[in-house]
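Take a look at the structure below.
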2 protein chains.
Amino acid sequence: MKRKITLKQIAKELDVSISTVSKSLRNSLEIGEETRLKVQAFAKFYNYKPNNIALSLKNRKTKSIGIIIPEIVHYFFSTVINGIEQVANEHGYSVVICVSDDSFDKEVLNMEMLANGSIDGFIMSLSKETQFKGDFHHITEVINQGMPVVMFDRVTNDILCDKVIIDDKAAAYEAVQSLIDSGRKKIALVTTVDYVSVGKLRTDGYEKALLDNGLPFNEDLIIKIEDVNTCEITISQLLHDRAFDAVFAVNELFAVTIIKTANKMGLKVPEDLAVIAFTDGIISKYSTPTITTVSQSGEKMGNKAAKMLIERIEAEEDDDEEHNENYITEVIETHLIKRESTD
Amino acid sequence: MKRKITLKQIAKELDVSISTVSKSLRNSLEIGEETRLKVQAFAKFYNYKPNNIALSLKNRKTKSIGIIIPEIVHYFFSTVINGIEQVANEHGYSVVICVSDDSFDKEVLNMEMLANGSIDGFIMSLSKETQFKGDFHHITEVINQGMPVVMFDRVTNDILCDKVIIDDKAAAYEAVQSLIDSGRKKIALVTTVDYVSVGKLRTDGYEKALLDNGLPFNEDLIIKIEDVNTCEITISQLLHDRAFDAVFAVNELFAVTIIKTANKMGLKVPEDLAVIAFTDGIISKYSTPTITTVSQSGEKMGNKAAKMLIERIEAEEDDDEEHNENYITEVIETHLIKRESTD
DNA sequence: TTGCTTTACGAAAACGTGGTAGTGTTGAAA
DNA sequence: TTTCAACACTACCACGTTTTCGTAAAGCAA
């Protein structure tokens, strides 16, 4: 077991100075050819690689970016990570991932842990609890320290930074409109609790689509679910009353649960009940029937977010203390993927 | 925008030496109370936090662990990451994630990138290509440098290190046995190509269960699939011939595809065809019918792997250059989760 | 020989930290 | 008065790099 070799050890072994070794390896003309080649050969033999940590300290750049997300066992978030990782890798960056578990405290802790020099910038999606509390001091702090932050999906207007989102309202509008176009009149919305930003926006789009089509906006048809386990009971109640003939669910887990509940009650999808889900995940593709969804390319979001962050990071290098704050919000396109759960 | 404050800056500002500041903050008795409190107040005000990079360099410990996996948009792997992250977080470690994309080159590149001081140890699952090539020099190299490595799920006997696996053979045996117990005679195995270690082991278990029960082992009933898209065609052909009445699939994607194919052909699951899948994922829970699976707790594997790695890392600190090489292989328990796809 | 330029290398600082060893002052005991 | 300990703090080193500056030796012209 030989620990990794350092410049110092090479220098000692070859009886030259550290600087000579360093320069030889970077092919500096300052060093005579003989010495240079000797050093290079030696370094190659011992498989010398510069120590990243030392480089980070010197350059004040870690070449790694931090990702803070609410969950990782989650189709959408893992596609985003995938997207980030691709771009990061292309640019020689590593990604450090922290899971907030939708907890405010964990989010803060994780950010503090990474903010002390471990990374060059953050890409994050807010935890539910953070959105609920509306407390973003940890993010402000990081930004004030000059560390770039890009938020995606679950964002907030209270923080000025680059953002990557989808037009949740428009996407919801489009989905509901398509249900209306196929003749549905009583469309339910199954959503999360209000403080999750995207839930709110999707609700807005739902409402607008109804009103624009002269349909009544009925509060009773908005079903707010905190936990997917309580979903079934609520749904079956309403289905029993035949209160709606179509449903727009803000995620595919809700959607598949609704379909299963409907099936149990002898209702057929899509004949008796049309279903559209937000977020195109793996369940929608493989459930029976397959589910019509609003696609929301996590990979694209990740790509874009990583590009924006790296651009910021590398811009800072040049301008040095001169970062211009014209933050941009990128909107990723969505489209409706029609499958069997609608007609 | 104020950059993070350092000991040096505090020292300068308060006109004391850097050591005084450092000691004051660590509550050393060497420093008089007055100075100590003054420094602490100042540090608190400017929100001083020691720089992680400098600490890493000094301590030769990064407090982060590297994860190399073939895919991230993958239920099993993401649960493993989740498990690792939990334990890592508890112990004050961060996780750096690299995706090999099942490519040998990427795996090597990623490992090299992280091995130069960025992390204290690896947790990894081999890429398909690496298993195919049988080239593990990059791993040996890392281990020789004294960096602990824990492999999980897709492992190899050619590398000596700690491992976390499930007993693929026994689990497959159990699944097939349960199909036999329910009266099935013609059981097909839908698996991946041979070089993936787990695929091989599961095949072995399948074969043993058949032979132990006096059933013929028929090569024709082993369906090797490289790409899930080709699955449907092959399957429908065999189903058409009524060649089998039960199927054991090595992953849930294969299983759900088989069920859908069977349904299209008018076959009923489980009446006409019983299905068991390896790896309990989200699809099995939500497909129709829900799928009986061999649960393989990724989270537990992640927990265990992280614990083993951190133990190694922190053992090295003490023994220093004295690591004992009695590597262990931890076998995580599996069990059959019976759902609707079997009777 | 003197003075100047090249060549080829070395010393040292810097990045931020933390521990060990050292230093100077004060007060009290011998 | 001398000596010694306690106190309060500073100096210095190491971690591994890169880079700037310095300089000795050699070569060359005058």
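Each chain gets a letter, A, B and so on, in the order its sequence line appears, and its residues count up from 1.
Contact annotation for T35(A): backbone-only contact, meaning every heavy-atom pair under 4.0 Å involves sugar-phosphate atoms and none involves a base.
Rounded to an integer number of Å, the gap from CD of E30(B) to P of dA11(D) is 14 Å. For L29(B) and dA6(D), the CG to P distance is 14 Å, given to the nearest whole Å.
Under the side-chain hydrogen bond (donor to acceptor under 3.5 Å, both in side chains) criterion, S22(A) pairs with no residue at all, not counting sequence neighbours. Applying the ring pair (Phe, Tyr, Trp, His ring centres under 6.0 Å) criterion to F152(A), with sequence neighbours excluded, gives no partner residue. With sequence neighbours excluded, no residue satisfies salt bridge (Lys or Arg N to Asp or Glu O under 4.0 Å) with K300(A). Applying the side-chain hydrogen bond (donor to acceptor under 3.5 Å, both in side chains) rule to S56(A) yields no partners; only residues at least two apart in sequence or on another chain are considered. Partners of T79(B) according to the side-chain hydrogen bond (donor to acceptor under 3.5 Å, both in side chains) rule, which considers only residues two or more places apart in sequence or in another chain, do not exist here. When the side-chain hydrogen bond (donor to acceptor under 3.5 Å, both in side chains) test is applied to Q86(A), the partners found at least two apart in sequence or on another chain are E299(A), N303(A). With sequence neighbours excluded, the residues satisfying salt bridge (Lys or Arg N to Asp or Glu O under 4.0 Å) with D162(A) are R312(A). Applying the side chain to side chain contact (heavy atoms under 4.5 Å, CB included) rule to K63(A) yields the partners Y93(A), E314(A); only residues at least two apart in sequence or on another chain are considered.
Separating the CG atom in L126(A) from the CZ atom in F132(A) is a distance of 14.5 Å, to the nearest 0.5 Å.
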Quiz item: Could you write nucleotides 14-19 of chain D as a row of B, S and -, 5' to 3', where a protein heavy atom under 4.0 Å of any base atom gives B, of only sugar-phosphate atoms gives S, and otherwise -?
Solution: BBBBBB
Self-check item: Dot-bracket summary - DNA chain D, pairs being Watson-Crick or G-U whose distances fall under 3.5 Å, with | when paired to another strand
Solution: ||||||||||||||||||||||||||||||
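First and last contacting nucleotides of DNA chain C toward chain A (any atom under 4.0 angstrom from a heavy atom, 5' to 3' order): dA8(C) to dG16(C).
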Acceptor/donor pairs from residues 30-39 of chain A side chains to any protein atom, 3.5 angstrom cut, sequence neighbours excluded:
from: E30(A); atom 1: OE1; to: K23(A); atom 2: NZ; distance (Å): 3.4

